[in-house]
Peer 1: 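Sharing a structure, written as structure tokens. Questions coming.
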Amino acid sequence: MLLEDKNFKLKVGLAEMLKGGVIMDVTNAEQAKIAEDAGAVAVMALERIPADIRAQGGVARMSDPKLIKEIQEAVSIPVMAKCRIGHFAEAQILESIGVDFIDESEVLTPADEEYHIDKHAFKVPFVCGCRDIGEALRRIAEGAALLRTKGEAGTGNIVEAVRHMRAIQRAIKHITTLGNEELVTYAKSIGAPVELVKFVKENGRLPVPNFAAGGVATPADASLMMQLGAESIFVGSGIFKSEDPASRAKAIVMATTHYMDFDIVAKASEGLKEAMRGMDIKEIPEDQLLQTRGW
Amino acid sequence: MKIGILAIQGDFELHAQMLKKIGVAWQLVRLPQDLSACDGLIIPGGESTTFIKLLKKSGLYQELKTFGQEKTIMGTCAGLIILSKRIKNYPLETLALIDLEVERNAYGRQIDSFIDDIEINLNGTVKTFEAVFIRAPKIVRIGRGVVPLGKHKSDIVLAENPHILVATFHPELTEDTRIHDYFLKKVAANL
């Protein structure tokens with residue numbers, strides 16, 4: 001069974017170590033240093049942050065391995081990188097250069113519209129986005145060791161991440177109320193393996209950690225997501241699209257650790273320069289939403 | 001008896017589950033005032049750079065230095081790093097409560113993480129323990145007053161001095177409570 005597999009346990013183990021922390025998108029070694037100095041628990045190395053990918057359009061692919069290596073050289077914390085959904089050859093390259101976590105990400109242009117990557121075939125752990133419980137458990141069945149909300153990347157708008165986190169928490173609570181005779185039918189209705197539904201019923205939680213991502217821009221956003229049940233925070237465009245990235249990065253780290261201490265979150269929010277401008281989700285044409293990529 | 005678990009970041013919840021399983025009272029520690037009710041402290045796995053930065057900001061850094069001279073602290077992985085005297089390959093000011101020199105990420109990156117049996121000697125007999133090593137550090141030198149308690153191949157992976165117990169691996173990622181039991185005995189002995 002998947003959850004007892006030693007290799008899987010090692011992958012989830014690293015995800016456990018990242019809990020309660022902030023993982024920051026960085027596009028060069030200098031930004032990676034700023035993130036590490038601010039107290040980030042890991043960095044996500046990429047060529048363009050989601051806000052720029054959204055603005056520039058075109059096909060978004062895995063970053064140049066040379067850039068990722070420069071970032072690996074610059075910091076001592078784990079380095080993650082993104083590959084396209086279904087693009088296992090990009091994932092093989094990322095594993096070969098020794099990234100610590102691969103994000104099979106909807107922020108990049110999908111390479112396969114039918115299948116996600118068989119993540120069991122890799123020694124490196126994967127994180128995947130999800131919007132609901134079915135998507136979450138399907139990704140775990142494929143071997144994801146960590147989940148994150150999809151949110152709507154590059155918008156600086158937290159509303160979609162909130163929607164996705166609430167949907168998953170609500171479903172977890174619902175599953176714990178199901179009788180054993182209901183599990184197979186429920187698993188069928190959400191399109192996920194019954195063993196994983198059973199795990200959720202018995203443990204009242206997902207089998208792997210679930211972090212927040214997609215639209216986090218302020219210390220208050222971080223505290224909100226942690227209180228809604230996120231176990232860590234990914235910040236994409238929110239830091240390096242803001243006016244004073246170093247101060248904002250530190251403030252979001254403080255707010256994540258002390259998310260229930262509102263005096264500290266208030267103090268962290270004080271006097272930060274301009275946040276990223278952000279956008280209303282309704283301004284985005286439906287076919288340009290990133291969260292609907294993946295299935 | 002009440003055990004504090006440093007909850008800046010990392011796998012502190014897994015240590016809490018372990019203590020729950022054993023049946024000991026515990027509380028999470030994020031600020032200096034949280035420490036006053038604790039008889040012992042666990043510093044979990046996580047990122048040592050993040051720990052040190054936030055400890056300094058909250059004032060816990062100085063408090064822990066004093067706490068560790070009077071009471072008992074266990075550190076696993078990142079916890080070991082910040083309790084050690086010196087880090088060979090990274091400039092980080094640590095708590096220096098145990099005379100060890102350590103190398104961070106000594107086995108390599110996540111693809112080099114592994115699970116393997118180690119030999120531990122907690123009460124005069126050598127036994128095996130299934131240990132989980134994740135981007136683990138290595139102890140490269142032990143100094144004054146440090147007693148080795150566990151080995152993986154030729155590396156010391158578990159060690160102690162009168163107040164501090166450290167592991168380069170993660171006993172909290174297993175179901176095996178022996179190392180936590182040993183820590184609790186040490187806490188009781190130091191009360």
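As the structure is a computational prediction, the values presented were derived from the model and not from experiment. The chains referred to below are lettered A, B, ... by the order of the sequence lines, with proteins before strands, and numbering in each begins at 1.
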Peer 1: Quick check on the interface: out of Asp37(A), Val253(A), Leu18(A), Val124(A), who has the most heavy-atom pairs with chain B under 4.5 Å?
Peer 2: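 Most pairs with chain B among the choices: Asp37(A).
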Peer 1: Could you check if a side-chain atom of Ile117(A) sits within less than 4.5 angstrom of a side-chain atom of Phe126(A), using non-hydrogen atoms only?
Peer 2: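 SC-SC contact between Ile117(A) and Phe126(A) confirmed.
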Peer 1: Is the shortest heavy-atom distance from the side chain of Tyr259(A) to the side chain of Ile264(A) under 4.5 Å?
Peer 2: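 A side-chain contact is absent here, since even the closest heavy-atom pair is not under 4.5 Å.
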Peer 1: Less than 4.5 Å apart, any side-chain heavy atom of His116(A) and any of Glu104(A)?
Peer 2: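 In short, these two side chains touch, coming nearer than 4.5 Å.
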Peer 1: Fit a plane to each ring of His180(B) and His15(B), take the angle between them on a 0 to 90° scale, and name the class: parallel (under 30°), tilted (30 to 60°) or perpendicular (over 60°).
Peer 2: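 Aromatic pair His180(B)/His15(B) classed tilted.
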Peer 1: Among Gly20(A), Ala15(A), Gly21(A), Pro78(A), which has the most heavy-atom pairs under 4.5 Å with chain B?
Peer 2: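 Option with the greatest count: Pro78(A).
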Peer 1: Using non-hydrogen atoms and a 4.5 Å limit, figure out which bit of Lys11(A) sits close to chain B: side chain, backbone, both or neither.
Peer 2: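 Just its backbone gets close to chain B.
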Peer 1: Are Gln27(B) and Asp34(B) side-chain neighbours, meaning at least one heavy-atom pair lies under 4.5 Å?
Peer 2: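 A side-chain contact under 4.5 Å exists here.
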Peer 1: May I ask you to check whether over 12 heavy atoms, not counting those of Lys138(B), lie within 6.0 Å of atom NZ?
Peer 2: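 Correct, the count exceeds 12.
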Peer 1: Of the backbone (N, CA, C, O) and the side chain (C-beta and beyond), which part of Ile134(B) lies under 4.5 Å from a heavy atom of chain A, both, or neither?
Peer 2: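 When you check distances to chain A, only side chain atoms of Ile134(B) fall under 4.5 Å.
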Peer 1: Hey, are the side chains of Leu272(A) and Pro219(A) touching, using non-hydrogen atoms and a 4.5 Å cut-off?
Peer 2: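 The answer is yes, as the side chains (C-beta and beyond) meet within the 4.5 Å cut-off.
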Peer 1: Sub-4.5 Å heavy-atom contacts with chain A: which residues of residues 69-96 of chain B show up?
Peer 2: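 Residues of residues 69-96 of chain B touching chain A at under 4.5 Å: Tyr90(B).
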Peer 1: Heavy-atom count around Glu30(A) CD within 6.0 Å, excluding the residue itself: above 12?
Peer 2: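 No, the 6.0 Å shell around CD holds no more than 12 heavy atoms from other groups.
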Peer 1: Heavy-atom distances under 4.5 Å only: say whether Arg109(B) touches chain A with side chain, backbone, both or neither.
Peer 2: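 For Arg109(B), backbone and side chain are both near chain A.
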Peer 1: Decide whether Glu36(A) and Ser76(A) meet the rule of one side-chain donor and one side-chain acceptor closer than 3.5 Å.
Peer 2: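 On atom types as modelled, these side chains qualify, holding a pair under 3.5 Å.
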Peer 1: Below 4.5 Å from any heavy atom of chain B, which atoms of Asp261(A) appear? Answer side chain, backbone, both or neither.
Peer 2: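 Only the side chain of Asp261(A) comes within 4.5 Å of chain B.
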Peer 1: Is any side-chain heavy atom of Met18(B) closer than 4.5 Å to one of Glu175(B)?
Peer 2: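 Counting from C-beta outward, Glu175(B) and Met18(B) never come under 4.5 Å.
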Peer 1: Do Ile3(B) and Leu184(B) make a side-chain contact, defined as non-hydrogen atoms from C-beta onward lying under 4.5 Å apart?
Peer 2: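 Yes, their side chains come closer than 4.5 Å.
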Peer 1: So which part of Ala40(A) gets closer than 4.5 Å to some heavy atom of chain B, the side chain, the backbone, both or neither?
Peer 2: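 Backbone of Ala40(A) only, per the 4.5 Å heavy-atom cut-off to chain B.
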Peer 1: Taking the side chain as C-beta and beyond, is there a heavy-atom pair between Ile118(B) and Ile120(B) under 4.5 Å?
Peer 2: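 Touching, per the 4.5 Å side-chain cut-off.
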Peer 1: As a quick check of understanding, evaluate salt bridge (Lys or Arg N to Asp or Glu O under 4.0 Å) for Glu231(A) and Lys19(A), giving each step before the final call.
Peer 2: CA-CA 6 Å; Glu231(A) 296 173 287; Lys19(A) 276 188 181 176; 3.2 Å; yes
Peer 1: Heavy-atom cut-off 4.5 Å, strictly under: side chain, backbone, both or neither for Leu14(B) against chain A?
Peer 2: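 When you check distances to chain A, only side chain atoms of Leu14(B) fall under 4.5 Å.
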Peer 1: With a 4.5 angstrom heavy-atom cut-off, is it the side chain or the backbone of Arg30(B) that approaches chain A, or both, or neither?
Peer 2: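 The answer is both parts of Arg30(B).
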Peer 1: Using only non-hydrogen atoms and a strict under-4.5 angstrom cutoff, which residues of residues 37-59 of chain B touch chain A?
Peer 2: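 If one takes a 4.5 Å heavy-atom cut-off, the residues of residues 37-59 of chain B near chain A are Gly45(B), Gly46(B), Glu47(B), Thr49(B), Thr50(B), Lys53(B), Leu54(B), Lys57(B).
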Peer 1: Among Asp112(B), Val132(B), Leu31(B), who wins on heavy-atom pairs under 4.5 Å with chain A?
Peer 2: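 Heavy-atom pairs under 4.5 Å are most numerous for Leu31(B).
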Peer 1: Quick one: sort the Tyr107(B) and His152(B) rings into parallel, tilted or perpendicular, breaks at 30° and 60°.
Peer 2: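 Ring orientation of Tyr107(B) relative to His152(B): perpendicular.
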